[in-house]
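To start, the structure under review is shown below, and the notes come after it.
Only this structure's heavy atoms are used, side chains among them; waters, hydrogens and symmetry mates stay out.
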Amino acid sequence: MRSPVDGRALLAGVVVPLVTPMDRPGRPSAPAADLLLGALAAAGTRGLMLFGSNGEGPLLRTAHLGDFAAEMAARWRELVPDGPVLVNITAPGTAEALARAEAVLPAAPDALVLSPPIYFHHRHDEIVTHYAVLAGLGVPVVAYNAPRYASPLTPALLDDLTGLAHLVGVKDSSGDLALFGHALAAARRRPGFGVSQGAERRALDALRLGADGVVLGVANLAPAATVELFRAHREGRAEDALRAQQLLDQVLALHTVRPGVPALKAVLAARGLCPPHAAAPFTPCSDKERQSLLELLAPLDAHLVRA
């Protein structure tokens with residue numbers, strides 16, 4: 001590994017699990033992301049995570065990851081010189097995860113992010129081995145618990161994974177606060193092991209429990225409110241933090257119109273910040289869905305991202 005990494009510092013603050021702007025369906029485009037990156041930096045977000053669930057990562061071809069990641073990392077480091085760039089390499093199997101890691105290494109990611117293998121459910125020892133083989137890459141790794149999409153990280157797995165030297169943190173998107181508490185307890189047995197929350201409606205709860213930071217998809221659309229949530233909590237402004245969480249909950253109502261990434265991209269496209277293209281089998285929002293989204297979010301316009 002290049003040098004010892006403090007996972008708590010790496011995951012501190014607001015890391016945006018970035019949508020992947022595309023110049024046509026399924027093809028990432030760094031130039032198409034430029035205005036969005038500038039808006040996120042101006043709002044005070046600290047880091048990026050590429051190719052997560054909001055970034056449609058598992059739907060993208062491995063051959064399309066490397067150049068995009070390198071261009072995005074370079075641009076973000078211009079905008080936020082100390083801002084970390086994390087790259088998700090989650091895949092169905094270990095060989096594909098390693099191939100994705102090799103593809104993005106030229107971007108010099110501050111950390112690779114990895115869930116247990118998707119599709120099949122795997123044994124405890126198989127999942128530990130899946131993480132262990134990344135030790136040879138020389139890049140810190142953050143474990144990503146996303147049980148909607150992959151085998152869940154159990155308390156026993158969290159205990160074992162915190163013992164792997166190249167793992168420096170965990171992002172938990174389960175929404176299970178008891179499990180999150182266990183992750184925190186396991187992490188605090190090892191200095192410098194970070195813990196971040198990815199379940200949007202549980203963000204404030206997690207910060208109150210001791211999360212180092214948040215990685216929330218809603219930050220693509222409401223970055224200033226997400227930053228305010230983190231800062232207000234850190235500064236002891238409990239009522240302001242609660243108001244920020246409530247505002248984010250209101251924004252999340254967009255998923256009642258059209259769940260998932262196409263809804264985020266439709267709103268961002270309407271604001272001139274991201275093309276609406278998605279990776280198949282996703283399809284962009286229909287005109288009717290788009291209109292419903294814009295009407296739903298119109299009262300919150302002042303709180304949404306702008307160029």
Side-chain angles (χ1 to χ4, degrees), residues 1-3 5 7 9-11 13-43 45-91 94-115 133-142 144 166 168-169 171 196 215 217 219-220 223 261 264-265 268 273-275 277-279 307:
M1 196 172 297
R2 292 166 295 194
S3 61
V5 170
L10 179 74
L11 294 176
V14 175
V15 175
V16 183
L18 193 73
V19 299
T20 301
M22 302 174 184
D23 58 11
R24 68 185 187 197
R27 189 172 75 175
S29 168
D34 198 59
L35 289 177
L36 180 57
L37 290 186
L40 294 175
T45 62
R46 180 170 171 269
L48 298 180
M49 187 180 87
L50 305 179
F51 309 135
S53 56
N54 285 278
E56 304 167 75
L59 299 181
L60 300 175
R61 293 174 56 192
T62 300
H64 288 167
L65 303 181
D67 289 345
F68 179 80
E71 291 179 58
M72 295 293 281
R75 179 60 177 145
W76 188 251
R77 288 162 180 156
E78 290 175 356
L79 293 166
V80 186
D82 62 344
V85 177
L86 291 72
V87 181
N88 186 20
I89 58 167
T90 295
T94 304
E96 180 61 19
L98 286 169
R100 287 180 165 245
E102 293 290 348
V104 302
L105 286 181
D110 295 281
L112 299 171
V113 179
L114 182 67
S115 291
V133 297
L134 268 66
L137 296 176
V139 181
V141 175
V142 172
Y144 180 11
H166 61 293
V168 298
K171 175 197 173 186
S196 185
V215 186
N220 285 280
V261 178
L264 276 176
K265 284 190 166 180
L268 290 170
L273 290 167
C274 175
H277 307 305

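The CG atom of Leu40 sits 15.0 Å away from the CZ atom of Arg46 when rounded to the nearest 0.5 Å. In this structure, CE on Met49 lies 7.5 Å from CG on Asn54, to the nearest 0.5 angstrom. Between Leu48 atom CG and Arg77 atom CZ the span is 9.5 Å, to the nearest 0.5 Å. Taken from OG1 in Thr90 to CG in Leu114, the straight-line distance is 5.0 Å, to the nearest 0.5 Å. Rounding to the nearest 0.5 Å gives a distance of 9.5 Å between CG of Leu65 and CG of Leu50. Note: Leu105 CG to Leu112 CG = 6.5 Å, rounded to the nearest 0.5 Å.
Met72 pairs in a side-chain contact (heavy atoms from CB on, under 4.5 Å) with only one of the listed residues (Val87, Val85, Leu37, Asp67), which is Leu37. Here the options are Ser29, Pro28, Pro275, the test is side-chain contact (heavy atoms from CB on, under 4.5 Å), and the partner is Pro21; only Pro275 passes.
Looking only at distances, no side-chain donor or acceptor of Lys265 sits under 3.5 Å from a matching main-chain atom of Val19. Side-chain N or O atoms of Thr20 include one that pairs as donor or acceptor with a backbone N or O of Gly55 at under 3.5 Å. Remark: the backbone N or O of Tyr144 is paired with a side-chain donor or acceptor of Ser115 at under 3.5 angstrom. Side chain of Asp34 to main chain of Pro31: no donor-acceptor pair is present (N/O by atom type, distance under 3.5 Å, no hydrogens or angles). A donor-acceptor pair under 3.5 Å is formed between the side chain of Asn220 and the backbone N or O of Pro17.
Closest non-hydrogen pair, Ala41 versus Val80, comes out as CB-CG2, 3.8 Å. Thr62 and Ala99 get closest at one heavy-atom pair: CG2-O, 4.0 Å. Contact between Pro223 and Thr45 at its shortest, heavy atoms only, is CB-CG2, 3.7 Å. Here the closest non-hydrogen pair linking Asp110 and Gly83 is OD2-O, 4.3 Å. Scanning both residues, Leu36 and Leu273, for their nearest heavy atoms gives CB-O, 3.5 Å. Heavy atoms only, all atoms of each residue included: Phe51 and Ala69 are closest at CE1-CB, 4.1 Å.
Side chains of Val168 and Val141 form no contact here, defined as non-hydrogen atoms less than 4.5 Å apart. Annotation: side chain of Arg27 is not in contact with side chain of Arg61 (no heavy-atom distance under 4.5 Å). Residues Leu86 and Pro84 meet the side-chain proximity criterion, which asks for heavy atoms closer than 4.5 Å. Side-chain contact between Glu102 and Leu137 is present, with heavy atoms from C-beta onward closer than 4.5 Å. Proximity of Val139 to Leu134: side-chain heavy atoms (C-beta onward) are nowhere separated by under 4.5 Å.
Using a cut-off of 4.0 Å between Lys/Arg side-chain N and Asp/Glu carboxylate O, Arg100 and Glu96 are scored as salt-bridged.
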